[in-house]
Amino acid sequence: MDLAPYLLLALLEGMVQASVLMLTALGLSLVFGVMRVVNVAHGQFFMLGAVGAWLCAQAIPGPPAIGFAVALIAAPLAVGAIAWAADRAILRRIGYDPEGTIVSTIGLLYILQQSALIGFGPDARAVDPPFSHTLRTPWFGYSSYKLFIVAVAIALVAALWLILRRTRLGLIMRATQFDRETAQNFGIRVDRVYSAVFAVGAMLAAAGGVLVVPNQQAHYLMGTDPLLLSFVVVIVGGLGSLPGTIAAAVLIGLSDGLLSVFFSPTLAAIASTLLVALVLIFRPQGLFGRAAA
Amino acid sequence: MAEVTLLTTRGLCRDFDGLRAVDDVDFTLETGEIHAIIGPNGAGKSTFVSLLSGRLRPTAGRVIFDGRDVTRLPAHARVRLGIAYTFQITNIYTSMSVAENIALAAQSRLSPGLFGRGGVGPRITEATQAAARAVGLTERLNARAGDLAYGHQRLLEIAMGLALSPRLLILDEPTQGLSDAEIAGVTEVVRQLASRATILLIEHNMDVVMALARRITVLDRGAILAQGTPEEIVADPAVQAAYLGDGA
Amino acid sequence: MRSANPRLLLLCAAVVAALFALQFVLSEYLVLTATRILILAIFAMGYNMLMGYTGMLSLGHAMFFAAGVYAAGLSSYYWGLSLPLAFVLGVGASFAVSLVTGLLVLRTQAVAFMIVTLMFAQVTYLTTLQFSDITGGDQGLTLPTGARGFTLMGIAVDLTRDSHRYNLALALFTATLAGLFALTQGRRGRLFAAVRENAGRTEMLGFNTFRIRLVAFVVSGTLSGMSGALYALMFGYIGSAFAGFELSIEALLFTLVGGPGTLLGPLLGTGVMTLLIDRLSGVTSAYLIVVGALLIAVNQWAPAGLLGTLRDRRLPWLK
């Protein structure tokens with residue numbers, strides 16, 4: 001048997017998987033890094049992005065590309081607004097207590113998920129890809145849309161990187177992450193930074209959801225797997241470390257793609273979850289991160 | 001003199017991120033004495049006693065307590081052997097009553113396990129009251145520990161150490177933040193304790209040190225600078241230069 | 001010997017007596033609901049031992065419940081084990097699972113502890129799906145009706161009869177309540193409270209805090225598993241949902257609502273929430289939205305729960 005076509009397919013699928021994962025996990029990592037809280041509702045923002053893409057596709061007539069383009073901007077903005085509101089209404093009021101935040105975001109998880117069930121219904125729904133060009137390889141045809149996902153994800157991450165490193169906003173975020181008290185003393189409105197970071201984190205997940213939906217249908221329960229995989233990535237990459245998160249997303253996405261070709265996805269999920277739990281127990285600073293001070 | 005030695009350290013070192021906080025300390029503590037450790041801020045006093053109590057692990061060297069090498073024993077096991085430690089920063093159970101705070105210490109000695117023997121309740125109560133009496137907190141046994149005045153919290157901290165009936169009581173700056181009257185009280189309490197336990201005292205207040213200590217060890221930059229009776233220490237030119245001189 | 005907390009002991013006795021009397025008043029359907037509440041209350045009480053009394057918030061207690069469900073259910077289904085033996089096996093399995101898990105996860109604390117317990121539970125859940133040939137997966141397995149009765153020490157118990165089920169559940173609930181009373185009140189209870197409030201200080205008083213945590217963890221996991229074994233055998237069904245995230249969250253919610261760190265809080269929380277969820281799920285399939293809203297509300301406004309708030313305001317002995 002010739003392995004080459006399988007490997008190529010696994011590699012391509014892995015890259016697509018890794019790009020979406022990178023966006024979602026970066027959102028989680030950013031929130032953890034700056035705010036020191038774990039957002040268990042993060043996967044629901046991903047789901048809302050996907051549902052938003054479907055809504056846009058339904059509401060906007062004409063070629064699918066237009067609806068998709070609108071969705072890519074509107075859905076993350078809407079989700080960001082929801083996250084902003086949730087931060088003000090819930091997280092700020094409990095003072096970002098780490099354990100309380102987890103309990104509250106579990107509550108938020110249920111509220112968002114069940115609201116989607118009420119509004120969107122229990123069925124999975126497909127969205128047409130904005131274009132349906134097929135790339136030819138010697139063995140199989142491959143949707144060029146999937147490669148488009150990779151490109152958009154890389155562009156978004158590059159944009160995030162520039163914002164964090166080159167802009168005043170990024171400087172404020174990093175200052176808050178580094179030392180909350182001092183940032184406050186320098187006149188930074190830490191509460192606003194937190195709301196903004198929470199919103200940006202959610203928007204990244206939502207963008208991932210929009211990108212994924214022409215490839216994989218929208219469903220109200222689709223937020224669970226991205227959440228768990230993002231946990232895996234963020235923990236392996238070192239809690240709160242953005243370069244670590246990116247590296248880990250590529251690693252996990254690729255290996256997950258490879259494993260899923262050869263093993264059952266459930267088995268792959270069992271192995272990776274168990275592995276990561278053990279990482280957290282025995283090497284809490286992650287595989288790539290440095291030892292915590 | 002071997003039979004009166006309670007604790008010794010041999011070549012004790014502790015590094016933090018490459019910085020040596022405790023540097024090759026050979027130290028001997030005799031049974032029944034009040035021994036004070038003094039030194040400028042950052043001299044490694046707290047780190048040194050943390051190595052004795054087991055809150056920190058040494059980078060190198062050994063700790064021998066009562067002829068037994070305890071270097072690798074965890075803190076709770078050392079407490080069981082009789083090394084008690086009272087915290088520099090008040091560390092009590094604020095939501096519990098004063099009596100419960102002390103009773104936990106007494107319980108550690110009288111009924112250590114979760115499934116320990118029954119019938120020790122009265123003895124725990126008795127030990128609790130005795131420790132409270134020794135520091136003058138009998139009136140406040142039912143108060144919530146978090147509601148106590150700061151000076152009383154310091155006394156509670158000492159009472160908890162006392163209720164453990166330790167052989168060695170390490171007091172980490174017991175008079176820090178107290179008024180003169182309160183300091184006099186604590187000094188008297190410590191003097192009383194000395195008949196029951198060996199006391200290792202970290203203290204900044206030189207009046208307290210001079211009033212209590214039979215011997216003094218001066219630490220500077222993690223190493224022993226001088227050791228001797230209070231009179232010898234005061235007369236030591238190296239100590240005057242390094243500590244008393246520029247400190248005062 | 002004097003009781004550690006006589007007023008609470010009296011209240012517990014009154015509650016058990018009232019629960020016994022309840023079966024003569026309630027309709028058949030409500031007796032069934034009450035049976036479920038009692039069994040799930042054991043789960044919540046186990047959860048409370050760890051979360052309320054010892055201060056460690058687990059997000060994965062469904063794994064212990066599932067250990068009880070599957071060990072008891074599968075041994076009855078495949079090997080035809082008698083119900084008491086299957087029950088004992090279920091309890092034993094959850095004891096073993098919680099001991100091994102505890103030795104691992106107790107190296108972490110706070111947020112890391114929550115995430116690690118969540119992940120272990122997820123692994124358990126996925127495992128029940130992966131081996132669906134054996135476990136029945138999502139669909140689950142229904143235990144044969146022939147294996148629904150047993151005779152123990154001369155007492156014939158028929159698990160298809162409501163009153164038998166109710167009294168059996170009540171007996172085990174009472175035993176759990178008594179066991180936890182002994183563990184959480186007085187001198188022992190003080191130790192768990194000490195670890196919860198200030199572990200560092202407790203270590204320096206000479207207590208092995210890891211061991212105290214481990215005891216709390218294993219007691220907690222084993223009680224959860226006992227509840228699972230009972231649930232599976234009593235209602236004759238096992239399925240992956242018993243290992244799911246939602247069940248872990250229910251244990252948390254029941255405890256939070258009733259009052260973490262109070263002996264009777266989990267019973268109250270389980271009762272209130274089960275009745276509420278039953279009522280709601282008749283109205284909408286999205287009943288979990290209320291679970292979500294309650295989690296946020298309780299966490300924000302009443303983190304001490306119903307009985308905890310009562311304890312803090314009026315009745316300090318209610319713990």
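Computed over heavy atoms, backbone and side chain alike; hydrogens, waters and symmetry mates excluded. Every chain is numbered from 1, with letters handed out A, B, ... down the list of sequences. The structure presented is a predicted model; accordingly, all values stated were derived computationally and were not measured.
- Interface remark: of the candidates L267(A), V37(A), T105(A), L267(A) forms the most heavy-atom pairs closer than 4.5 Å to chain C.
- L126(C) approaches A269(A) most closely through the heavy-atom pair CD1-CB, 3.7 Å.
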Report the C-alpha distance between V290(C) and Y110(A) in whole Å, list the side-chain angles of each, state the deciding distance to 0.1 Å, and finish with yes or no for side-chain contact (heavy atoms from CB on, under 4.5 Å). CA-CA 8 Å; V290(C) 177; Y110(A) 281 136; over 6 Å; no

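- Two residues are said to be in side-chain contact when any heavy atoms from C-beta on lie closer than 4.5 Å; L108(A) and L295(C) fail this criterion.
- At a 4.5 Å heavy-atom cutoff, the contact between S285(C) and chain A is made by backbone and side-chain atoms alike.
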Test side chain to side chain donor-acceptor pair (under 3.5 Å) on S104(A) and Q300(C); report intermediate values, then the result. CA-CA 8 Å; S104(A) 290; Q300(C) 196 157 321; 5.5 Å; no

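- Between chain A and the residues I249(C), L106(C), L118(C), the largest count of heavy-atom pairs under 4.5 Å involves I249(C).
- Both the backbone and the side chain of S115(A) come within contact range of chain C, judged by heavy atoms closer than 4.5 Å.
- Heavy-atom neighbours of R174(A) CZ from other residues, nucleotides or ligands within 6.0 Å: above the threshold of 12.
- Both the backbone and the side chain of I106(A) come within contact range of chain C, judged by heavy atoms closer than 4.5 Å.
- Here the shortest heavy-atom pairing between F231(A) and M119(C) reads CB-CE, 3.7 Å.
- Heavy atoms closer than 4.5 Å to chain C are found in the side chain of I94(A), but not in its backbone.
- Between L59(C) and I102(A) the shortest heavy-atom distance is CD1-CG2, 3.7 Å.
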Evaluate L278(A) against V116(C) for side-chain contact (heavy atoms from CB on, under 4.5 Å), listing each step before the verdict. CA-CA 8 Å; L278(A) 294 176; V116(C) 169; over 6 Å; no

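- For T127(C), the parts lying near chain A are the backbone and the side chain together; criterion is any non-hydrogen pair under 4.5 Å.
- The minimum heavy-atom distance between I118(A) and A286(C), with the atom names listed, is CG1-CB, 3.5 Å.
- Looking at F113(C), there are no atoms closer than 4.5 Å to chain A (heavy atoms on both sides), in backbone or side chain.
- The closest side-chain heavy-atom distance from F282(A) to L104(C) is below 4.5 Å.
- In R92(A), the CZ atom is crowded: over 12 heavy atoms of neighbouring residues, nucleotides or ligands sit closer than 6.0 Å.
- For chain C, the nearby part of A89(A) is the backbone; its heavy atoms alone come within less than 4.5 Å.
- With contacts defined as side-chain heavy-atom distances shorter than 4.5 Å, the pair F120(C)/I281(A) qualifies.
- Side-chain contact check for F245(C) versus T224(A): every heavy-atom pair is 4.5 Å or farther apart.
- For CZ of R107(C), the number of neighbouring non-hydrogen atoms (other residues, nucleotides, ligands) closer than 6.0 Å is 12 at most.
- With hydrogens and angles ignored, the 3.5 Å screen pairs no side-chain donor or acceptor of N299(C) with any backbone N or O of V103(A).
- With a threshold of 4.5 angstrom between heavy atoms, T273(A) approaches chain C through its backbone and through its side chain.
- Each of T284(C), V291(C), I289(C) was compared with Q114(A) under the side chain to side chain contact (heavy atoms under 4.5 Å, CB included) criterion, and only I289(C) meets it.
- Within 6.0 Å of atom CZ in F178(A), 12 or fewer heavy atoms from other residues, nucleotides or ligands are found, so the atom counts as exposed in its surroundings.
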